[in-house]
Amino acid sequence: MRPTARLAALLFLASPAAVHAQSAPYAAPRHLHWGFEGPLGHFDMASVQRGYAVYAQVCSACHAMNALTYGDLAALGLTDEQVRQIAAGQRVPGGTDDQGRPVTRPATAADHFRAPFASPQAAAAANGGAVPPDQSRLALVYPGGPDRIYALLTGYGAQPPAGYRPSHPGAFYNPYAANAEISMPPPLHDGQVAFTDGTAATTAQEARDVTNFLAWAAYPHLAERHRLGVQVTLYLLFLAVLTFVLKRRIWSNVH
Ligand code: HEC
């Protein structure tokens, strides 16, 4: 390589654009307003409940959510009996029988969400070589966060650039996936889920609700933290006023 060409290559590699392309090879998602953002944010629990329905009816076929137990669903506003019924509808590994063969049993509130695949190898084999990531903390650890999860779920209809060919069978064009391609088939469609509260199940609504649910799961103590923050602030304000009044009193006869 000639020195000038080498210098040009170095300059290109060091340019901010090249760094950016390296760290974020996906389209920037649009920023949406999420109720849980900001210091006073809180979850829209009706949306989180619908989001659980989307997870249970769609995503759970491929994605595990191992950090959650069925008992955690009580915090969604479900009664103990509803939680028990949801758990009892799932069969989890239950040790072995007296011949040493693996058996299953109905889950209880103390069990973690049933994983759809027994191992990462089994998950990869069923998904064209790609492993669906565990969703317990996805909203927290996924680069781009909730905005990008929503954009990804609703981004399959985007027009690929002219001449685009999937790099392997089972790959889909999606501008919000890394390198604009993903091995997850479009999971959501209009009417995919039956919402019991009468909300129309459009793809956008399903995507918004499941993203709210994933955020709720990833930030389990958000509501408590915000409540505590407000209480601490009020307490400090009260102390400030008290200090001021005391100071005035103590110095009142010093002229
Ligand atoms: C048919 C199986 C299947 C279903 C159903 C499914 N996924 Fe996936 N998902 C996958 C696979 C496989 C991957 C890994 C894709 C890859 O690495 O290319 C994935 C990856 C993801 C990712 C990470 C994408 C990335 O950029 O790495 C997110 C976010 C996601 N899924 C969300 C969801 C949500 C939310 C649902 C339910 C609405 C859902 N998935 C339903 C199979 C599925």
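Each residue takes its place number in the sequence, starting with 1. Small disclaimer: the values here were computed from a predicted structure and weren't measured. Whatever order the structure lists ligands and atoms in, that order sets their numbers, starting from 1.
- Ring geometry, Tyr150 versus Trp34: the interplanar angle exceeds 60°, so the pair is classed perpendicular (tilted spans 30 to 60°).
- Geometrically, ligand 1 and Glu181 share no nitrogen or oxygen pair separated by less than 3.5 Å.
- Those atoms of ligand 1 with a heavy atom of Leu152 less than 4.0 angstrom away are 24 (C), 28 (C), 29 (C).
- Asn127 and Cys62 make their closest contact through OD1-SG, 4.0 Å (heavy atoms, listed as atom of the first residue, atom of the second, distance).
- Shown here is Asp197, whose CG atom has more than 12 heavy atoms of other residues, nucleotides or ligands within 6.0 Å.
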Criterion side chain to side chain contact (heavy atoms under 4.5 Å, CB included) on Arg105 and Val92, from CA distance to verdict: CA-CA 6 Å; Arg105 61 169 172 80; Val92 292; 3.5 Å; yes
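- Of all atoms in ligand 1, numbered sequentially from 1 with element shown, those under 4.0 Å from a heavy atom of Val131 are 14 (C).
- Among the atoms of Asn127, none of the N or O lies under 3.5 angstrom from an N or O of ligand 1.
- Checking Asp190 against Thr202 by side-chain atom types alone, no donor-acceptor pair falls below 3.5 Å.
- If you put the vertex on atom 8 (Fe) of ligand 1, NE2 of His63 and SD of Met184 sit 170° apart, to the nearest 10°.
- Among all heavy-atom pairs drawn from Val83 and Tyr70, the shortest one is CG1-O, 3.3 Å.
- The distance from ligand 1 to the heavy atoms of Leu188 drops below 4.0 Å at these ligand atoms: 38 (C).
- Nearest to atom 20 (C) of ligand 1 by heavy atom, out of Pro132, Pro133, Ala139, is Pro133.
- With ligand atoms numbered from 1 in the order given, ligand 1 contributes 5 (C) to contacts under 4.0 Å with heavy atoms of Val58.
- Between Gln135 and ligand 1 there is a heavy-atom distance shorter than 4.0 Å.
- If you look at Tyr55 next to ligand 1, there are no close heavy atoms at all, none under 4.0 Å.
- Both the backbone and the side chain of Ala130 come within 4.0 Å of ligand 1, judged by heavy-atom distances.
- If you check which protein heavy atom lies closest to atom 15 (C) of ligand 1, you get Ile182 CG1, 3.7 Å.
- Of the protein's non-hydrogen atoms, the one nearest atom 18 (O) of ligand 1 is Ser183 N, 2.9 Å.
- Taking both residues in full, the closest heavy atoms of Ala28 and Tyr176 are given as O-CE2, 3.8 Å, listed atom of the first, atom of the second, then distance.
- From Arg114, atom CZ reaches atom CD of Gln90 across 5.5 Å, with rounding to the nearest 0.5 Å.
- In this structure, the protein non-hydrogen atom closest to atom 36 (C) of ligand 1 is Cys59 SG, 2.8 Å.
- Taking atom 24 (C) of ligand 1 as the reference point, the nearest protein heavy-atom neighbour is Tyr142 OH, 3.4 Å.
- Contact annotation for Ala171 and ligand 1: no heavy atom of the residue comes within less than 4.0 Å of the ligand.
- If you look at Arg148 next to ligand 1, the close heavy atoms, those under 4.0 Å, all belong to the side chain.
- Less than 4.0 angstrom separates some heavy atom of Leu138 from each of these atoms of ligand 1: 28 (C), 29 (C).
- Atom CG of residue Leu234 and atom CG of residue Leu239 lie 11.5 Å apart, to the nearest 0.5 angstrom.
- Here the shortest heavy-atom pairing between Gly191 and Glu206 reads N-OE2, 3.7 Å.
- Under a 4.0 Å heavy-atom criterion, Thr211 is not in contact with ligand 1.
- Just one of Val58, Val54, Thr203 meets the side chain to side chain contact (heavy atoms under 4.5 Å, CB included) condition when paired with Gln192; it is Val58.
- Of all atoms in ligand 1, numbered sequentially from 1 with element shown, those under 4.0 Å from a heavy atom of Cys62 are 1 (C), 2 (C), 3 (C), 4 (C), 5 (C), 42 (C), 43 (C).
- Atom numbering of ligand 1 starts at 1 in the shown order; those under 4.0 Å from a heavy atom of Leu153 are 34 (C), 35 (C).
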Derivation and outcome, side chain to side chain contact (heavy atoms under 4.5 Å, CB included), residues Phe213 and Met65: CA-CA 12 Å; Phe213 171 70; Met65 216 163 168; 3.6 Å; yes
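- Judged by distance alone, the side chain of Thr154 and the main-chain N or O of Ala204 form no donor-acceptor pair under 3.5 Å.
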